Amino acid sequence: MRTAILGPAQRDESLAAMTERELDVLVVGAGVVGAGTALDAATRGLSTGLVEARDWASGTSSRSSKLIHGGLRYLEMLDFALVREALKERGLLLERIAPHLVKPVPFLYPLQHKGWERLYAGAGVAMYDAMSMARRHGRGLPVHRHLTRSHALRVAPCLKKDALVGALQYYDAQMDDARYVATLVRTAVAYGAKAANRARVTSFLREGERVVGARVRDVEGGGEYEIRAKQVVNATGVWTDDTQAMVGERGRFHVRASKGIHLVVPRDRIHSTTGLILRTEKSVLFVIPWGRHWIVGTTDTDWDLDKAHPAASSADIDYLLEHVNSVLAVPLTRDDVEGVYAGLRPLLAGESDATSKLSREHTVAHPVPGLVVVAGGKYTTYRVMAKDAVDAAVHGLDMRVAECVTEDVPLLGAEGYRALWNARARIAARTGLHVVRVEHLLNRYGAMAEEVLELITHDPSLGEPLPAADDYLRAEIVYAASHEGARHLDDVLTRRTRISIETFDRGTRSARDAARLMAPVLGWDKDQIEREVQHYEKRVEAERESQRQPDDLTADAARLGAPDIVPL
């Protein structure tokens, strides 16, 4: 089984290695597109580096709706090419690239008008299924079905009887977005890429008009590195315009940020066996199954404040509760909300002023020699974006380069996953863990779950649940620091796990235990443990305070009351 370790030693070695000789490609930004670009370049045989100012997926790519979908609503906009492309990618991810991370999820679409709406919506969903099957991907997903009102209420008893006259049920897919990106980075490293998080690009290296690399500051250690590369790919999402400014140009397009917020509530608050998709006056609203929870989202509003920590205001939360409660027999209240998170979509600015109508297409440009910029798009089509970015970079390389092969490259953990899933009862018997725990590990790590289990073999106490967050084992906290590049407590509680949004205390009761588990791996003393815990508690309180504020300006000010543990 191919694997890769992203521990503290490997990070330092990667930074040093990137300075030793000129790279073919240096990728800036380790969200899903940047990580995918590094994997694409590495699997074409190119020497590749990847640097990220904060943590893997710390921006948009950890704060999405967690959906891998074809974009059903884009059919209504007649954007058939985008839907066709996304459905192909959905199928590849489900069946070949990441079956351990991407899972089918059902959605119920309540119908509110007799006759015409069933015909109209039914035709759209039928086309959605047909387009999926025509691409020879997605045949493993059930096709849509029409439900009467009584049948729909049996499937989703949470709905008000007068909220629908019938329903359609169809399938899409979901994943843990931050975990997916971490796995992408590890896969790129397994194929030879060098990767370092907490490594911030401070400027681009120039020779005349040409970009020949980047100057990078190690945010953790304070060192400065000059990394030379034949081609640099800017994959910084909503920071694209800021990064472009480093070469003295805005670039050929403008990236606009749209804020989307999500609420997380316990599974028992909404009685349903299926997710829900609801129309709003501006967009659509999803109620998405998420383990022992539901994710309710999302909003779609312009955002021009702090990009690193977009804040959810009280008005945002009220908006979601009002709209979801319009169809729920038992309404949700603020007291039902376990977690709240806000993310920014990088949209290419178009003719419309409404962010919900801006393009979800992506663009690749070569603004100056040696620099490629990729922006826009959607999570589901990250692989296509990465391919296009590397294709553009290849044009600037004086060498023959192989075509993209990532369509046939499974992510780490995919190979052998199904065999281990079939053997999960035997693994449970061998390890002494409950079979539900084994399933949890397989769905998070795939075949790499064996590496987590090995930690438990060496220290059986790591097989115990983390206090106050018993969905996760103590071993997972250690593994996040030793194998997945986690550098701080926030990385683990917010992205390697989802404790920060899956518990009513937002992870504060687990923080100290988690920090103590990370300490031996990262070399923390008692003072650093205390610093990590205090920072995390301040972050949670700042988020809570921002969610009590009436609007974006006051919410942003409140959220910025807790600075990053590593100032950028």
Side-chain angles (χ1 to χ4, degrees), residues 32-33 36 60-61 64-99 101-110 120-146 167-177 180 258 260 262 274-280 283-290 295 297-298 300 343 345-348 356-362 376-388 406-407 411:
V32 69
V33 176
T60 302
S61 296
S64 73
S65 296
K66 326 298 184 207
L67 292 178
I68 295 293
H69 63 104
L72 182 59
R73 71 188 180 102
Y74 298 120
L75 282 180
E76 196 170 30
M77 301 176 187
L78 304 181
D79 199 343
F80 300 114
L82 180 62
V83 175
R84 190 180 299 113
E85 179 181 79
L87 285 172
K88 176 190 174 182
E89 294 304 308
R90 185 191 71 175
L92 284 171
L93 298 177
L94 273 166
E95 298 164 13
R96 185 186 304 168
I97 294 175
L101 300 176
V102 181
K103 305 293 179 184
V105 60
F107 284 103
L108 190 77
Y109 176 68
Y120 178 75
V125 177
M127 184 183 295
Y128 196 63
D129 284 345
M131 291 172 72
S132 174
M133 291 184 183
R135 304 297 293 183
R136 299 193 176 186
H137 295 293
R139 293 190 176 184
L141 290 180
V143 297
H144 77 283
R145 57 179 182 161
H146 287 258
L168 297 170
Q169 189 174 46
Y170 73 98
Y171 278 76
D172 258 321
Q174 70 176 164
M175 53 43 214
D176 182 327
D177 48 9
Y180 193 96
S258 166
H262 298 78
T274 179
L276 305 173
I277 176 172
L278 311 169
R279 276 188 177 278
T280 72
S283 185
V284 295
L285 185 74
F286 287 101
V287 180
I288 307 164
W290 181 254
I295 293 175
T298 178
D300 196 347
R345 305 175 190 87
L347 303 180
L348 298 179
S356 61
K357 295 180 181 177
L358 293 185
S359 176
R360 298 311 304 273
E361 303 267 3
H362 67 273
K378 56 203 286 284
Y379 203 112
T380 304
T381 56
Y382 82 87
R383 195 191 64 81
V384 179
M385 296 174 67
K387 172 186 177 299
D388 291 348
T406 52
E407 187 171 316
L411 299 193

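Predicted model only: the values in this text are computed from it and were never measured.
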Please name the pair of heavy atoms, one in [X] and one in [Y], separated by the smallest distance, quoted to 0.1 Å.
| X | Y | answer |
| --- | --- | --- |
| Gly376 | Met385 | O-CE, 3.0 Å |
| Thr381 | Ala86 | CG2-CA, 3.8 Å |
| Ala98 | Tyr180 | CB-CE1, 3.7 Å |
| Ile97 | Glu407 | CG1-O, 4.1 Å |
| Val125 | Leu168 | CG2-CD1, 4.1 Å |
| Gly71 | Val83 | O-CG2, 3.4 Å |

Take the angle between the ring planes of His69 and Phe286 and call it parallel below 30°, perpendicular above 60°, tilted in between.
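Plane angle between 30° and 60°, so tilted.
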So which of Arg84, Lys88, Arg90 actually passes side-chain hydrogen bond (donor to acceptor under 3.5 Å, both in side chains) with Ser132?
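Answer to the side-chain hydrogen bond (donor to acceptor under 3.5 Å, both in side chains) test with Ser132 among Arg84, Lys88, Arg90: Arg90.
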side-chain contact (heavy atoms from CB on, under 4.5 Å) between Val143 and Met133, intermediate numbers included:
CA-CA 10 Å; Val143 297; Met133 291 184 183; 3.0 Å; yes
Is a side-chain donor or acceptor of [X] paired with a backbone partner of [Y] at a separation under 3.5 angstrom?
| X | Y | result |
| --- | --- | --- |
| Thr274 | Pro106 | yes |
| Tyr379 | Asp177 | yes |
| Gln174 | Pro289 | yes |

Side-chain contact, heavy-atom cut-off 4.5 Å: [X] with [Y]?
| X | Y | result |
| --- | --- | --- |
| Asp172 | Ile68 | no |
| Leu141 | Leu94 | yes |
| Ile295 | Lys66 | yes |
| Lys378 | Leu82 | yes |
| Asp176 | Trp290 | yes |
| Leu278 | Val284 | no |

Cationic N near anionic O, under 4.0 Å, Arg383 to Glu85
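Salt bridge between Arg383 and Glu85, a charged N being under 4.0 Å from a carboxylate O: no.
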Would Arg145 and Tyr170 count as having a side-chain donor-acceptor pair, cut-off 3.5 Å?
no
Is the distance from the ring center of Tyr171 to that of Tyr128 below 6.0 Å?
no
Working to the nearest 0.5 angstrom, can you tell me the gap between Leu411 CG and Leu101 CG?
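Those atoms lie 6.5 Å apart.
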Derivation and outcome, side-chain contact (heavy atoms from CB on, under 4.5 Å), residues Asp300 and Arg345
CA-CA 9 Å; Asp300 196 347; Arg345 305 175 190 87; 3.5 Å; yes
For Tyr109 and Leu72, run side-chain contact (heavy atoms from CB on, under 4.5 Å): C-alpha distance rounded to whole Å, both residues' side-chain angles, the deciding distance at 0.1 Å, then the answer.
CA-CA 12 Å; Tyr109 176 68; Leu72 182 59; over 6 Å; no
